[in-house]
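Presented below is the structure to which this report refers.
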Amino acid sequence: MKALKRLLTNKYYRWATLEKIKLRFLSLPIVKQIVTWYHTYKIYKKIQGMDQWEQYVEVKKMENGSKRFCFVAALIRLEVCIMAEGEKEEMFEQAKLDVLNNEEINEPYLKEFKKWVESITSSEKDYSKIQEQINSYTSKTN
């Protein structure tokens, strides 16, 4: 029942749920190969006319976008665990560990946020700081 409530009230939970479904579909063996070939071809076509430096910059952009996506996904998992109000202690600890192990958390402007994440427990009820971080990252990507 709580999952349904979260699905209906939180846009980030809906997004994460849809991503989970999409990832399960994309992890099917044949679909996975087709998607890999398609994206490889798209990247090849995109960087075909570029010199080496432009290719390097483009690959770094993709890499940074991937890192940002992983950090936002970890933040959303942590937010959902806090919203669950201590239902699954091990899921909370794993989500917290995922956020703390991500490279993005070591950025200087996230120093205070990192301290807060390190100090929270599964009984935490306020997830507004996480929402602020998610909003700041999603507004950068749009």
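Side chains are part of it too, since the values below use all heavy atoms of this structure and drop only hydrogens, waters and symmetry mates. Please read all numbers here as calculations on a predicted model, not as lab measurements.
- Taken to the nearest 0.5 Å, the CE atom of M83 stands 13.5 Å off from the CD atom of E124.
- Nearest approach of N102 to C70, heavy atoms of both residues: ND2-C, 3.8 Å.
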Review point. Does the pair I43 and V59 meet the rule for a side-chain contact (heavy atoms from CB on, under 4.5 Å), with working shown?
Key: CA-CA 9 Å; I43 292 170; V59 169; 5.7 Å; no

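- Of all the heavy atoms in L100 and I105, the pair that sits closest is O-CG2, 3.5 Å.
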Exercise for review: Assess whether side-chain hydrogen bond (donor to acceptor under 3.5 Å, both in side chains) is satisfied between Y137 and Q133, documenting all intermediate values.
Suggested key: CA-CA 6 Å; Y137 272 87; Q133 292 303 320; 5.6 Å; no

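- Within a 6.0 Å sphere centred on CD of E112, heavy atoms belonging to other residues, nucleotides or ligands number 12 at most.
- Distance check: F69 CZ to E104 CD gives 13.5 Å after rounding to the nearest 0.5 Å.
- Atom CG of L4 has more than 12 heavy atoms from other residues, nucleotides or ligands within 6.0 Å.
- When side chains are defined from C-beta on, L78 counts as touching F92, because their heavy atoms get closer than 4.5 Å.
- Taken together through direct or relayed side-chain contacts under 4.5 Å among Ile, Leu, Val, Met, Phe, Trp and Tyr, L8 and I82 form parts of separate hydrophobic clusters.
- Around NZ of K5, the count of heavy atoms belonging to other residues, nucleotides or ligands within 6.0 Å does not exceed 12.
- Atoms CZ and OG1, from R14 and T9 in turn, are 7.5 Å apart once rounded to the nearest 0.5 Å.
- The CD atom of E79 sits 4.5 Å away from the CD1 atom of I134 when rounded to the nearest 0.5 Å.
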Point to revise | Residues N135, Q131; criterion side-chain hydrogen bond (donor to acceptor under 3.5 Å, both in side chains); working and verdict | key: CA-CA 6 Å; N135 290 337; Q131 283 183 334; 5.9 Å; no

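- Hydrophobic clustering of Ile, Leu, Val, Met, Phe, Trp and Tyr side chains at less than 4.5 Å, counting indirect connections, unites I120 with L75.
- Here Y56 and W53 bring their ring centres to under 6.0 angstrom of each other.
- Taking both residues in full, the closest heavy atoms of W116 and D126 are given as CZ2-O, 3.5 Å, listed atom of the first, atom of the second, then distance.
- Between the side chain of K67 and the main chain of E103, no donor-acceptor pair closer than 3.5 Å is present.
- A continuous path of Ile, Leu, Val, Met, Phe, Trp and Tyr side chains, each step under 4.5 Å between heavy atoms, connects L110 with I76, placing both in one hydrophobic cluster.
- With values rounded to the nearest 0.5 angstrom, Y38 atom OH is found 11.5 Å from T40 atom OG1.
- Across every non-hydrogen atom of Q55 and M50, the tightest pair is NE2-O, 3.3 Å.
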Practice item. Begin from the C-alpha positions of E19 and K22 and carry the test salt bridge (charged side-chain N to carboxylate O under 4.0 Å, His left out) through to its verdict. Key: CA-CA 5 Å; E19 288 297 318; K22 184 169 76 173; 3.4 Å; yes

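- Hydrophobic clustering, with ILVMFWY side chains joined whenever heavy atoms are under 4.5 angstrom apart, groups V117 together with Y109.
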Exercise for review: Applying side-chain contact (heavy atoms from CB on, under 4.5 Å), run through E90 and Q94 and close with a yes or a no.
Suggested key: CA-CA 6 Å; E90 62 277 354; Q94 184 60 45; over 6 Å; no

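- Heavy atoms from other residues, nucleotides or ligands lying under 6.0 Å from CD of Q52 number 12 at most.
- K129 approaches F113 most closely through the heavy-atom pair O-CE1, 3.8 Å.
- Note: I30 CD1 to I34 CD1 = 7.0 Å, rounded to the nearest 0.5 Å.
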Point to revise | Check against side-chain contact (heavy atoms from CB on, under 4.5 Å), K32 and F25 | key: CA-CA 8 Å; K32 190 175 185 178; F25 174 72; over 6 Å; no

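- Both W15 and V80 sit in one connected hydrophobic cluster of ILVMFWY residues. Membership requires side-chain heavy atoms under 4.5 Å apart, directly or through other members.
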Exercise for review: Kindly determine whether K60 and E63 satisfy salt bridge (charged side-chain N to carboxylate O under 4.0 Å, His left out), including the steps that lead there.
Suggested key: CA-CA 5 Å; K60 279 297 186 184; E63 185 179 311; 3.4 Å; yes

Check your understanding: Could you walk me through whether I47 and E54 pass the side-chain contact (heavy atoms from CB on, under 4.5 Å) check?
Key -> CA-CA 8 Å; I47 66 174; E54 289 172 330; over 6 Å; no

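- Residues Y13 and R6 share a closest heavy-atom pair of CD2-C, 3.6 Å.
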